[in-house]
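Notes follow the structure.
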Number of protein chains: 2
Amino acid sequence: MPPDHAPARRVTTRRVRTRQRLLDAALEVFAEEGFGRSTVEQVCERAGFTRGAFYSNFTSLDELFLAMWERRSARMLDDLRAALDGMPEAAPEEALRAALTAIPVDEAWYRVTAEFTAHALRNPSLRRVMVAREQAIQDTVLPIVIRALGRAGRRVPDEAALGQALVAVHDGTSTQVLMEPGNATALHRREALFRHVLDSYSAPVGGTGDEPGEVEEEAR
Amino acid sequence: MPPDHAPARRVTTRRVRTRQRLLDAALEVFAEEGFGRSTVEQVCERAGFTRGAFYSNFTSLDELFLAMWERRSARMLDDLRAALDGMPEAAPEEALRAALTAIPVDEAWYRVTAEFTAHALRNPSLRRVMVAREQAIQDTVLPIVIRALGRAGRRVPDEAALGQALVAVHDGTSTQVLMEPGNATALHRREALFRHVLDSYSAPVGGTGDEPGEVEEEAR
DNA sequence: CAAGTTCGATACATGAACGTATCCGATGCG
DNA sequence: CGCATCGGATACGTTCATGTATCGAACTTG
């Protein structure tokens, strides 16, 4: 129902295409230069435009940064979802490996994410965006992980805690892996850590009833 | 033995003091504005100098950033060491809690670290600096952690793996905690995750001989 | 206490990025 | 096919950060 109060913007084909080209260019430039050191002109040049195009589509670099990050972030979630849906009957071990190879391909993306994290730590509204995204990731990943664990005969007592742990491990180890490119050990240890976390936050169902050092439900 | 080839710089008292004031100011400014958005003038103003002082002591903002980060980073390591040395006979549980409260006090520092991480991901020589620091942290912390675990009757089969896991968990959870300030749950989950990692990467010595789901030594 | 050196302040020239106002080709519509 | 609007290009003026070159006060040294 948009017979509008505002002038009823027609969204031209051209417009959406230039927006996308600008967003793509932004990812590249921010990854190379860093967000803080990037300029409007650099982004436009990379996209094959002049600054006129930019100011016609966005009002600030911050706005572009946010839009780009959210778009790319959503796509990453889609990829992850696809990778996990592809193996609905896999064992946790396999699913984990599949998920981990589906994700950390794009170094540029992780650079930009690190940049975005730093930026968000100084900006309450961006912080909320990041928190929301973390929640979205958990909502997507957790059910699948939990189902996989279930097939392996394990139950997760505190799902939210597992979700937070997985995200933390993912972020922390991603950085490590990127800091030493071509270090296979770091990659393997990353996988191992994930396995340990999955183990620690789940317990065998119908077994002896207790394992040593397992999770007790947390106080809220 | 420095009867020098270079003009034999006398290091005046004044000089070191202004250097320090500049470094302190840099931490604050970078934390507030972000490194990329910070200017030489902002730092100098905060320190109570003009740009002349800066250019007399450093050649670029990058140089200042690196110097500041290394200094602060070293101090952080000292704090950590002190906190852990303070309780040479503590149980792992206690020591963990002590270490965790000794560290994550300074939000500004973590902002700057995030900034530095992002920066280092684009800069090979900074990457090496970060990797070296991670190594230093492990060299400092691991022996203490391992001794504490030992007193609790636990042995660590793969020490390097534990070190990497601890750092990853620290980094990953720090971000989470800072993203939602005043969220006690995140803090508790952080602690819990540390406990689980300590458990997963160690095994009781002289016990039954095997626990389920423990670490096997890793391939190199 | 005089002479020299050091270090930060001041002044200046330069260049870069910004945002706006305007123009003109392209695109969609009748 | 002609017209109206849209969207990006161009051309400003302005602000701001940079780096250098010079100056002068404070401290060191003999």
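Residue numbers start from 1 in every chain, and the chains themselves are labelled A, B, ... in the order their sequence lines are given, proteins ahead of strands.
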- Task: Tell me which of B/Thr39 and B/Arg14 sits closer to the 5' end of DNA chain D, going by the nucleotide each one is nearest to.
- Result: B/Thr39
Let's see if you can work this out: which of [options] has an atom nearest to the side-chain heavy atoms of [X]?
X       : options               : answer
A/Thr18 : D/dA9, C/dA11, D/dG8  : D/dG8
A/Arg15 : C/dT6, C/dC18, D/dG7  : D/dG7
A/Leu61 : D/dT18, C/dC18, D/dC6 : C/dC18

- Is the A/Phe30 to A/Phe65 ring centre distance short of 6.0 Å?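 Centroid distance A/Phe30-A/Phe65: below 6.0 Å, so yes.
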Can you measure [X] atom [atom1] to [N] atom [atom2] for me and round it to whole angstrom units?
X       : N      : atom1 : atom2 : value
A/Gln42 : C/dC18 : CD    : C1'   : 14 Å
A/Asp62 : C/dC18 : CG    : P     : 12 Å
A/Gln20 : D/dG7  : CD    : P     : 15 Å
B/Phe54 : C/dT10 : CZ    : P     : 18 Å
B/Glu45 : D/dA17 : CD    : P     : 10 Å
B/Phe58 : D/dG19 : CZ    : P     : 14 Å
B/Arg19 : C/dG8  : CZ    : P     : 11 Å
A/Arg17 : C/dG28 : CZ    : C1'   : 16 Å

- Are side-chain heavy atoms of A/Leu23 and A/Leu27 found at a separation under 4.5 Å?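 A side-chain contact under 4.5 Å is absent here.
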Check the phosphate of [N] against [X], side-chain N and O only, distance under 4.0 Å to OP1 or OP2. Yes or no?
X       : N      : value
A/Asn57 : D/dG8  : yes
A/Thr12 : D/dG7  : yes
A/Arg51 : D/dT10 : no

- Task: For B/Ser56 and for A/Glu41, find the nucleotide of DNA chain C with the closest heavy atom, then tell me which residue's nucleotide is more 5'.
- Result: B/Ser56
- Result for 5'-nearest mapping on DNA chain C, choosing between A/Val40 and B/Gly52, is B/Gly52
- Task: Remember a base hit wins even if backbone is also touched, and classify A/Tyr55 as base, sugar-phosphate or nothing at under 4.0 Å, heavy atoms.
- Result: base
- Item | B/Asp24 and its salt bridge (charged side-chain N to carboxylate O under 4.0 Å, His left out) partner, picked from B/Arg72, B/Arg71, B/Arg19, B/Arg46 | B/Arg71
- Run the salt bridge (Lys or Arg N to Asp or Glu O under 4.0 Å) check on A/Arg97 and A/Glu93 step by step: do they pass? CA-CA 6 Å; A/Arg97 193 174 286 263; A/Glu93 188 75 3; 5.0 Å; no
- Query: What is the ring orientation for B/His170 with B/Phe194, classed by angle as parallel under 30°, tilted 30 to 60°, or perpendicular over 60°?
  - Reply: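 If you compare the ring of B/His170 with that of B/Phe194, the planes turn out tilted.
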